[in-house]
2 protein chains.
Amino acid sequence: LAQTIGVTKTYSLGSGKVCALQKVDFSVMAGEYVSIVGPSGSGKSTLFNMIGALDQPTSGEVFLDDIDIAQLDSNELAWLRCRKIGYIFQTFNLIPVMSAIDNVTLPMIFAGVESEASVERGIDLLDQVGLKERLHHRPNELSGGQQQRVAIARALANRPSLILADEPTGNLDLATGQEIIHLLQALNQDHGVTIITATHDLKMIEASDRVVHLLDGRIVNEERNERD
Amino acid sequence: LAQTIGVTKTYSLGSGKVCALQKVDFSVMAGEYVSIVGPSGSGKSTLFNMIGALDQPTSGEVFLDDIDIAQLDSNELAWLRCRKIGYIFQTFNLIPVMSAIDNVTLPMIFAGVESEASVERGIDLLDQVGLKERLHHRPNELSGGQQQRVAIARALANRPSLILADEPTGNLDLATGQEIIHLLQALNQDHGVTIITATHDLKMIEASDRVVHLLDGRIVNEERNERD
Ligand SMILES: Nc1ncnc2c1ncn2[C@@H]1O[C@H](COP(=O)(O)OP(=O)(O)OP(=O)(O)O)[C@@H](O)[C@H]1O
Ligand SMILES: Nc1ncnc2c1ncn2[C@@H]1O[C@H](COP(=O)(O)OP(=O)(O)OP(=O)(O)O)[C@@H](O)[C@H]1O
Ligand SMILES: [Mg+2]
Ligand SMILES: [Mg+2]
C-alpha cells in the first residue's frame, strides 16, 4: 500500500545540514498495522510527512498504491490527503477558531459530504473518542488530551484507507489511551484499514503486527509481533 | 510552599457551564515532589494554571509562600511567574519566530541577567536536555519531543524554586523521558526545588514523594511513595 525507496531528507539551515532520514526503505502492506519506534529526533514524523505526501524527500521515491506520488499534480495530492489518508498530527494542528465538531466535519465538507450527514458522522466520531460533551468547545477550551482526541476523530472522518497516527496517545492517561488503541485496532481488524503509528506507548506497540525501529534517520531493526 | 483552599473553576460557554475544578484543597510543602494523575479532562492543567498564577479561580484561594496571590498586583505576579515558578506547558508554548537558544534565554533577559551569562546558561540547559546540536533551530525545525525539551530547558532558566511540569514526557521515548525524570529528580534532591508534575508516565509517578489523584475536578485519593 505504501512504500518508500531510498528516501533521504536533508534540511539545510543557516547553521548547517540536518539529515533527518537516510536512504530509508520502508513498506507497508494493505491491512497491516505497523508501529515505528525510535528516540526523539530519530525521524518518525519526517517519515510520516513523506508517506502522507505533506513534504517531499530530498532524494528517493514514495509510492502509494504503486503510484509515485512525485508524479501527482496538486489536485491529485489534495484528494489523497483528504480522502485516502487520515493524518493524526503529533501537535494536533486543529483550527483554533473552530469548535471540535467543526474541526471534525471540515474534511467531510471538502470531500463533498452534505452538511447534515457530516454533522451526524462528526458527532458519532467525537462520541467514539469520549467527547460528545465537548462538541462546541474550541481547542483552547479543551484539555491537551481532548485536543488530541479531536485530531484523532478528524483523521477518521473520511474513512481513510491509511491512517498515519503520530504519537496519538502522548497526552492521554492509560485508560483513555487504551480506548484509542482499541478504536484503531478495530478499524484495522474489522475494516482492513492500514495503520502506521509513530509511538513510544508500549501498549500501542504490542497491538501492532510489526515494529520498525528508527535511529538517526535509519531503519535499524524490525520485528514481527506474534498476535493471536 | 503552595496551597489551594476550596478552589473552584467554572468555565461558562454558550453551550453551558463546565466545572473544571470543584473545591480543591491541595498543598505542597517546600522541597516536595508531587505527581498529579487523572484522566484526560480531569482538571490537571487547570489546577496548574491556578497554582502558577496564570488564571484565577472562580472561588477559593491560592497561596504561594503563604501569600494570597489574588492580592498581588501585576508587577508582583510577573515577578512570580518569571523568577519563582518554572512552568513546562503541556503544549510547549514556544515562541515560533525564535530559535531554541533565544526561547531559553528570554526569561533570563526579563530577569535582568546580562546577555553573555544568559547565553552560557542557555547552552548548558539545552545540553542537559540533549539539544546542544539544535541551539539555532526554531520550533518548526524541531521534532515534537525536541520542542518539549526546549520548553523544559526554558522553565529551568531562572532557577525557580517551584516547577510546574505539565506532562513533560508526553512526547518523549522512554530513554529520553528517563533523562528528564532524572534531571527533575536531581533538582529536587540536590537543590530542594519543589516539583509538581501532571503526568501519566508511570516512571515519573514512581519518582515522586506523593501522588494525588484527580477525577472530574476533585481530589479523590492521595498516596505516599515509599522512596529510599
Ligand atoms: N524543518 C527542519 N529543519 C531542520 N531540521 C529539522 C526540521 N524538521 C525536523 N528537523 C530535524 O530532523 C530530525 C527528525 O525530526 P522528526 O520530527 O522526524 O523526529 P521524531 O522522530 O518525530 O521525534 P519526536 O519523537 O521527538 O517527535 C530532528 O533531529 C529535527 O531536529
Ligand atoms: N477555556 C475553557 N472553557 C471551557 N472548558 C474548558 C476550558 N479549559 C478547559 N476546559 C475543560 O475543563 C476540563 C479540565 O481541563 P484540563 O485542561 O484541566 O484537563 P487535564 O486534566 O489537564 O486533561 P489532559 O490530561 O487531557 O491534559 C476539561 O473537561 C476541559 O474541557
Ligand atoms: Mg515526531
Ligand atoms: Mg492537561
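A, B, ... follow the sequence lines: proteins, then strands. Residue 1 opens every chain.
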Under the side chain to side chain contact (heavy atoms under 4.5 Å, CB included) rule, collect the residues that match up with A:Ile219, sequence neighbours excluded. A:Val24, A:Phe26, A:Val212, A:Leu214

I'd like to check the side chain to side chain contact (heavy atoms under 4.5 Å, CB included) partners of A:Leu135; sequence neighbours left out, ordered by chain and number. A:Ile101, A:Ile123, A:Leu126

I'd like a table of the N/O donor-acceptor pairs between chain B and chain A - cut-off under 3.5 Å, distance only.
from: B:Ser40; atom 1: N; to: A:Asp173; atom 2: OD1; distance (Å): 2.7
from: B:Ser40; atom 1: OG; to: A:Arg149; atom 2: NH2; distance (Å): 2.7
from: B:Gln90; atom 1: NE2; to: A:Asn171; atom 2: OD1; distance (Å): 3.1
from: B:Arg149; atom 1: NH2; to: A:Ser40; atom 2: OG; distance (Å): 2.7
from: B:Gly170; atom 1: O; to: A:His200; atom 2: NE2; distance (Å): 3.4
from: B:Asn171; atom 1: OD1; to: A:Gln90; atom 2: NE2; distance (Å): 3.0
from: B:Leu172; atom 1: N; to: A:His200; atom 2: NE2; distance (Å): 3.3
from: B:Leu172; atom 1: O; to: A:His200; atom 2: ND1; distance (Å): 3.0
from: B:Leu172; atom 1: O; to: A:His200; atom 2: NE2; distance (Å): 3.0
from: B:Asp173; atom 1: OD1; to: A:Ser40; atom 2: N; distance (Å): 2.7
from: B:His200; atom 1: ND1; to: A:Leu172; atom 2: O; distance (Å): 3.0
from: B:His200; atom 1: NE2; to: A:Gly170; atom 2: O; distance (Å): 3.4
from: B:His200; atom 1: NE2; to: A:Leu172; atom 2: N; distance (Å): 3.4
from: B:His200; atom 1: NE2; to: A:Leu172; atom 2: O; distance (Å): 3.0

Is A:Leu13 close to chain B through its backbone or its side chain, or both, or neither, when contacts mean heavy atoms under 4.5 Å? side chain

With a 4.5 angstrom heavy-atom cut-off, which part of A:Val18 approaches chain B: side chain, backbone, both or neither? side chain

Got a second to check how far [X]'s [atom1] is from [Y]'s [atom2], nearest 0.5 Å?
| X | Y | atom1 | atom2 | answer |
| --- | --- | --- | --- | --- |
| B:Leu187 | B:Leu156 | CG | CG | 5.5 Å |
| B:Leu142 | B:Leu94 | CG | CG | 8.0 Å |
| B:Ile163 | B:Ile88 | CD1 | CD1 | 6.0 Å |

B:Ile196/B:Phe48 under side-chain contact (heavy atoms from CB on, under 4.5 Å): CA gap, chis, key distance, verdict: CA-CA 9 Å; B:Ile196 312 174; B:Phe48 272 33; 3.8 Å; yes

Heaviest contributor of heavy-atom pairs below 4.5 Å to chain B, chosen from A:Gly43, A:Ala20, A:Pro39, is A:Pro39

For B:Leu162 and B:Ile51, run side-chain contact (heavy atoms from CB on, under 4.5 Å): C-alpha distance rounded to whole Å, both residues' side-chain angles, the deciding distance at 0.1 Å, then the answer. CA-CA 10 Å; B:Leu162 170 63; B:Ile51 298 169; 4.2 Å; yes

